[in-house]
Each structure stands twice: as structure tokens, then as C-alpha cells.
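Presented below is the structure to which this report refers.
Order of appearance sets the numbers: ligands from 1, and atoms from 1 within every ligand.
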Amino acid sequence: MITVTSPLLPPLEEFQKLLQDIWQRKWITNNGHYHQELEKALAEYLGVPYISLFTNGTLPLITALQALRITGEVITTPYSFVATTHSIWWNGIKPVFVDVDPVTGNLAPDKIEAAITPQTTAIMPVHVYGTPCDTDRIQAIADKYGLKVIYDAAHAFGVRVNGESVLKAGDISTLSFHATKTYNTIEGGALVCSDAALKQRIDYLKNFGFAGETEVVAPGINSKMDEVRSAYGLLSLKYVDSAIATRKAVAEQYRAALRGVPGLRIMEDVPGVTHNYSYFPIFVNASEYGETRDELYFRLQKHNILGRRYFYPLISTFSTYRGLPSATASNLPVATRMANEVICLPLHHELRQEEINSIINLILHR
Ligand SMILES: *Cc1c(COP(=O)(O)O)cnc(C)c1O
């Protein structure tokens, strides 16, 4: 079975040593030694001023909206993992879907302004597959209308634009360290911001709103990362660069083999961007390729190759959201087409050469 991804696991012997240390310290959660060490190490690795660890990648999205006191309507993309829109819904805010750019799959800046109403307070874009959004244009729109920007950067671990972390864009960026992501802490996530006071408020919010032993300053939640996963994350960080380098080599093989195949579109690296090679999406145009996306998807599955249709179906088609005025396919033609054409091919640090070859052969010989 060739799966779409494989978790980056740190060496067990090294992890056991850290576990012994945690057992000796007898401090297993609540801003312990490894939690503090991982926050420091990640801020340095990512090149960002402030980072707060979370227990997964969904709670920092929910907390970001709370921290910035977002209300009313938030403009977002339907072409993402469902947690993006759920975080808006969980705050009692109305999501407003805007179509995406046909090249990147990211929220299309030229469609945002038409969706702004007096109730709009923020924009929540996603760096889909780790390709940076047009952060300058989005910021210009946000500044013009007085809106906050929260990036769901779950795919953008380590991504840089001209040497600067893409996580510095907007008011807040959030990360997921789920097992399926390029860098994982089994479950886990983080929130990045550039303001010490905001980081402080977020740290209160992720710990029930406690600002001291007896003082609660906000209706917070519990989304703290524990010591075991923080230690695991500290170890994984030592291996993530080599995992990304291996992923890059696989992506380059896929590109060399699939570039120019009639009816297939692939994504290329963007000049000036340091990519993390989290995903390798291909887009199948049925009439030119000679097979529909689903025909190819299930043919690969028959050969035990498990791609994933990220992101299909669109979030806007799920029962919670499909009644919204912005959720119609006619409002979202580009996202609808991409969702119907996409397959993410297996891409991880342990793919073997014969596995890569057989995936490529099956796609070429339809
Ligand atoms: C994985 C992911 C999330 C959610 O992260 P979890 O850690 O699974 O809660 C949110 N948004 C996007 C785009 C994701 O890919």
C-alpha cells in the first residue's frame, strides 16, 4: 500500500531519553521545560517573532478569531480543509466564500472587494499546498477597509518568500502539526504573531483565560500542548530539513515525468519562494487526458496507490454551509473546477524509487 503521506517519526531511542527526563521532572503539561524549548526552537527555525503552541491546528484558528475579537462576517476560501470554515462557524461568525486563483488555488485577491459588506471584519485566506498567497494585495485590501487578516498556514511550515517567513504576513498565522503534515507533533499546532501583547493574550486564552493563580481575564479554552508532544516536536525538528529535501527530490521526479502530459496540470515552484513540498497536486482535464479524475484516482487505488482528493468536495458544499448565499457553484467556478480535477499524489520522505516509478507509469499509460 502506497499512502499519500507517512509520518515523520523521530528515532525511538532518542525519544525514550527525553521521556525519561520528563518522568524525572514530573512536570508533564502547563508550559513546562519542553514546551518552552519547542517555542524557542520553532520561533528560530521559522524566523518569526512570537509563537504559541497548541494541541492541534484547529484551536489556534478558533483562538485567533477570539483574540482579535472578530465578529459579523469573515471572507474565506471554500478550497481548503473543512477546519478553516468550521473555526469561523464555531465563533458564531458568518463565513463568506470567495473564489480562488486558478494557478495557485489560493483566495483570489481581485474577487475579495466585491464580497465586503458593512459586517465584514476579517479575511481568512489559506496558503494552499504551501504556495504563498498574494499577501501584499490582501494586506492592501485589509488596510483599505480596516479588516484583520488571519492566515490558515497549516500547509506553509517553513515556507519563505525572498528569505522572509510567509508566517509574518497578516495579523496572525496558524500552523497544524498533525501526523499527516510535513512537520508533526502527532497532534499539534501553533499560532504565530508579531506582537508580544497579542502573544500574551493568546497564551491566556489557550489556558482558560488564566492570567494568574486566581485571575481569569477572558473566556478561554484549554488547548495547551503537553510535554510529551513538545519533546517529540523538538526531536522531529532536527529531521524535518532532510525530510523536506527528500520530498523535493520526489516532486522534481514527478514534474520531470508529468510536465507536458496532455490534460494534466502540475504546479511549479514559484521564483523567490522556499517551498516545503508538502503536497503534489495534479489536475486532470478529462477530455484532454482521456480519463476523468475519479477514473484515474480509482485506477491508482486498484494498484494500491492511495492519492487523496485534496480538496474535494468543496467546504461550501457541506450541509452546514451549502445554504449560504456565497456557497453556490456559480459564485465559485474556479474552486469548483479545481475540486473536481485534483488528486494529490503520494509524497513523503520514505517513498521508494520503484514506488515513484510505478505511480508515474500508471499515470502516463492510461
Ligand atoms: C490540517 C489542516 C487544518 C487542521 O489542523 P488539525 O491539526 O488537524 O486540527 C486546518 N487547515 C488546513 C488547511 C489543514 O490542512
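Aromatic pair His348/Tyr279: ring centres not closer than 6.0 Å.
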Name the atoms and distances for all side-chain donor-acceptor pairs under 3.5 Å in residues 303-314, with sequence neighbours left out.
| unit_1 | atom_1 | unit_2 | atom_2 | d |
| --- | --- | --- | --- | --- |
| His303 | ND1 | Arg299 | O | 3.0 |
| Arg309 | NH1 | Asp294 | OD1 | 3.1 |

Could you give the side-chain donor-acceptor pairs of residues 358-366 under 3.5 Å, partners two or more places apart or in another chain?
| unit_1 | atom_1 | unit_2 | atom_2 | d |
| --- | --- | --- | --- | --- |
| Ser358 | OG | Glu355 | O | 3.2 |
| Asn361 | ND2 | Asn357 | O | 3.3 |
| Arg366 | NE | Tyr289 | O | 2.4 |
| Arg366 | NH1 | Leu364 | O | 3.3 |

Under 3.5 Å, side-chain donor or acceptor atoms of residues 63-72 against the rest of the protein: list the pairs with distances, not counting sequence neighbours.
| unit_1 | atom_1 | unit_2 | atom_2 | d |
| --- | --- | --- | --- | --- |
| Thr63 | OG1 | Leu59 | O | 2.7 |
| Gln66 | NE2 | Asn91 | OD1 | 2.8 |

Tabulated below should be the N or O atoms of ligand 1 paired with protein N or O atoms at under 3.5 Å; can you produce that?
| unit_1 | atom_1 | unit_2 | atom_2 | d |
| --- | --- | --- | --- | --- |
| ligand 1 | 5 (O) | Ser176 | OG | 3.2 |
| ligand 1 | 7 (O) | Gly57 | N | 2.7 |
| ligand 1 | 7 (O) | Ser176 | OG | 2.7 |
| ligand 1 | 9 (O) | Gly57 | N | 3.2 |
| ligand 1 | 9 (O) | Thr58 | N | 3.1 |
| ligand 1 | 9 (O) | Thr58 | OG1 | 2.6 |
| ligand 1 | 11 (N) | Asp152 | OD1 | 3.4 |
| ligand 1 | 11 (N) | Asp152 | OD2 | 2.7 |
| ligand 1 | 15 (O) | His155 | NE2 | 2.8 |
| ligand 1 | 15 (O) | Lys181 | NZ | 3.1 |

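Counting only N and O atoms by type, the side chains of Ser6 and Glu350 include a donor and acceptor under 3.5 Å apart.
Taking the six-membered ring where tryptophan is involved, the planes of Tyr151 and His127 are essentially parallel, since the angle between them stays under 30° and well short of 60°.
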